[in-house]
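Right, one structure below, let's go through it.
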Amino acid sequence: MLATAGAGPPAAGHPYSLTIALAYAGITHQLRRDRRALWAAVAELHDLCDRYGFAYYREWALVLGGWSRGGAAGLAAAQEGVANLKAEGAFARMPYWLTLVADLSAPEAARATLDAALAAGEARDDRWWLPEVLRLRAAHDTDPVPRLRAAAELARAHGSVALLRRCEADLGVRAASGRS
């Protein structure tokens, strides 16, 4: 993927640099919900991690690849990746990783996973993704509007235009349907 996109010759001698580039490309593809591009990035990322023994980014490949695959096998892979990250003491981005697990989970498990994502973000001051966690968690509330408003306010305070738009879209859908 990246090797054929012009990064091949300079990065060919730097597998760790290519690994990092693929890992962040994977997150970008996931944020765009582009499963096909994500799967390609994850396949290459997983190969590099296996070849060179890069454990940390291997876990990213498990979580991202699990989300991309979906279903029970995808959920199991994503959960394994999150468990491995926790075992390594790698808690950065944990709210994000947990939302990917929640996205693959049954409703009750998703709600509990999103609650864990909120707690992890607060405990470690890892708040960049919390507006999205709150937005997703609101879907499990009897009255989601207060949590959606809190998510929108947090996104606004962070200056996160994309996450604010997601919150506003959800609030707009509720208002249009008369459920605000």
Side-chain angles (χ1 to χ4, degrees), residues 1-106 109-110 112-114 116-121 123-137 155 158 160-163 165-166:
M1 184 190 95
L2 287 181
T4 60
H14 303 280
Y16 191 70
S17 296
L18 182 56
T19 297
I20 293 169
L22 285 164
Y24 281 98
I27 288 177
T28 301
H29 296 313
Q30 189 284 321
L31 291 172
R32 294 176 45 245
R33 302 188 79 79
D34 184 345
R35 290 179 192 270
R36 189 170 144 180
L38 173 56
W39 190 254
V42 164
E44 192 171 350
L45 175 60
H46 203 283
D47 288 346
L48 280 168
C49 290
D50 284 349
R51 187 175 321 132
Y52 295 100
F54 301 143
Y56 176 69
Y57 292 107
R58 178 188 173 276
E59 313 319 333
W60 287 35
L62 281 171
V63 179
L64 292 166
W67 181 86
S68 180
R69 182 180 314 127
L75 175 59
Q79 288 172 324
E80 179 184 350
V82 166
N84 292 346
L85 286 166
K86 288 178 179 179
E88 293 169 9
F91 294 98
R93 286 168 291 285
M94 191 55 66
Y96 171 72
W97 301 130
L98 289 170
T99 61
L100 300 186
V101 170
D103 195 35
L104 300 170
S105 300
T113 301
L114 292 168
L118 288 169
R124 298 212 179 332
D125 200 26
D126 189 0
R127 294 186 168 101
W128 71 277
W129 195 243
L130 290 188
E132 182 68 357
V133 178
L134 286 168
R135 186 186 75 81
L136 295 170
R137 179 58 179 82
H158 288 179
S160 178
V161 175
L163 296 181
R165 286 182 181 155
R166 289 180 182 190

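The basis for the numbers below is simple: all heavy atoms, side chains too, and nothing from hydrogens, waters or symmetry mates.
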Closest approach of [X] to [Y] (non-hydrogen atoms, all atoms of both residues):
X      : Y      : result
Asp126 : Pro95  : OD2-CD, 3.4 Å
Leu134 : Leu118 : CD2-CD2, 3.7 Å
Leu45  : Ala61  : CD2-CB, 3.8 Å
Val42  : Leu64  : CG2-CB, 3.8 Å
Leu114 : Thr99  : CD2-CG2, 3.9 Å
Ala110 : Ser105 : N-CB, 3.8 Å

### Task
Evaluate the side-chain contact (heavy atoms from CB on, under 4.5 Å) criterion for residues His158 and Leu163: first the C-alpha distance (whole Å), next the side-chain angles of each, then the deciding distance (0.1 Å), finally the verdict.
CA-CA 9 Å; His158 288 179; Leu163 296 181; 6.0 Å; no

Can Asp34 and Arg32 be counted as an ion pair, charged N to O under 4.0 angstrom?
yes

Just how far is it from atom [atom1] of [X] to atom [atom2] of [Y], taken to the nearest 0.5 Å?
X      : Y      : atom1 : atom2 : result
Leu48  : Leu22  : CG    : CG    : 6.0 Å
Lys86  : Leu98  : NZ    : CG    : 5.5 Å
Arg166 : Leu136 : CZ    : CG    : 8.0 Å

Measuring centre to centre across the rings, with the benzene-like ring taken for any Trp, is Tyr24 within less than 6.0 Å of Trp60? yes

| Hey, would you say the Tyr16 and Phe54 ring centroids sit under 6.0 Å apart? | yes

Sequence neighbours excluded, the answer for salt bridge (Lys or Arg N to Asp or Glu O under 4.0 Å) partners of Glu59 is none

Point to revise | Geometric class of the Trp128/Tyr96 ring pair [parallel <30°, tilted 30-60°, perpendicular >60°] | key: tilted

Exercise for the section: Report yes or no: does Arg35 contribute a side-chain atom to a donor-acceptor pair with the main-chain N or O of Trp67 at less than 3.5 Å? Expected result: yes

*Full working for side-chain contact (heavy atoms from CB on, under 4.5 Å) between Asn84 and Tyr56*: CA-CA 9 Å; Asn84 292 346; Tyr56 176 69; over 6 Å; no

For Asp50, the side chain to side chain contact (heavy atoms under 4.5 Å, CB included) test, sequence neighbours excluded, returns His46, Arg58

Quiz prompt | side-chain contact (heavy atoms from CB on, under 4.5 Å) between Gln79 and Leu104, worked out | solution = CA-CA 10 Å; Gln79 288 172 324; Leu104 300 170; over 6 Å; no

Worksheet item: Do Leu85 and Trp97 pass the side-chain contact (heavy atoms from CB on, under 4.5 Å) test, and can you show the C-alpha distance, the side-chain angles, and the key distance before you say yes or no?
Response: CA-CA 10 Å; Leu85 286 166; Trp97 301 130; 3.6 Å; yes

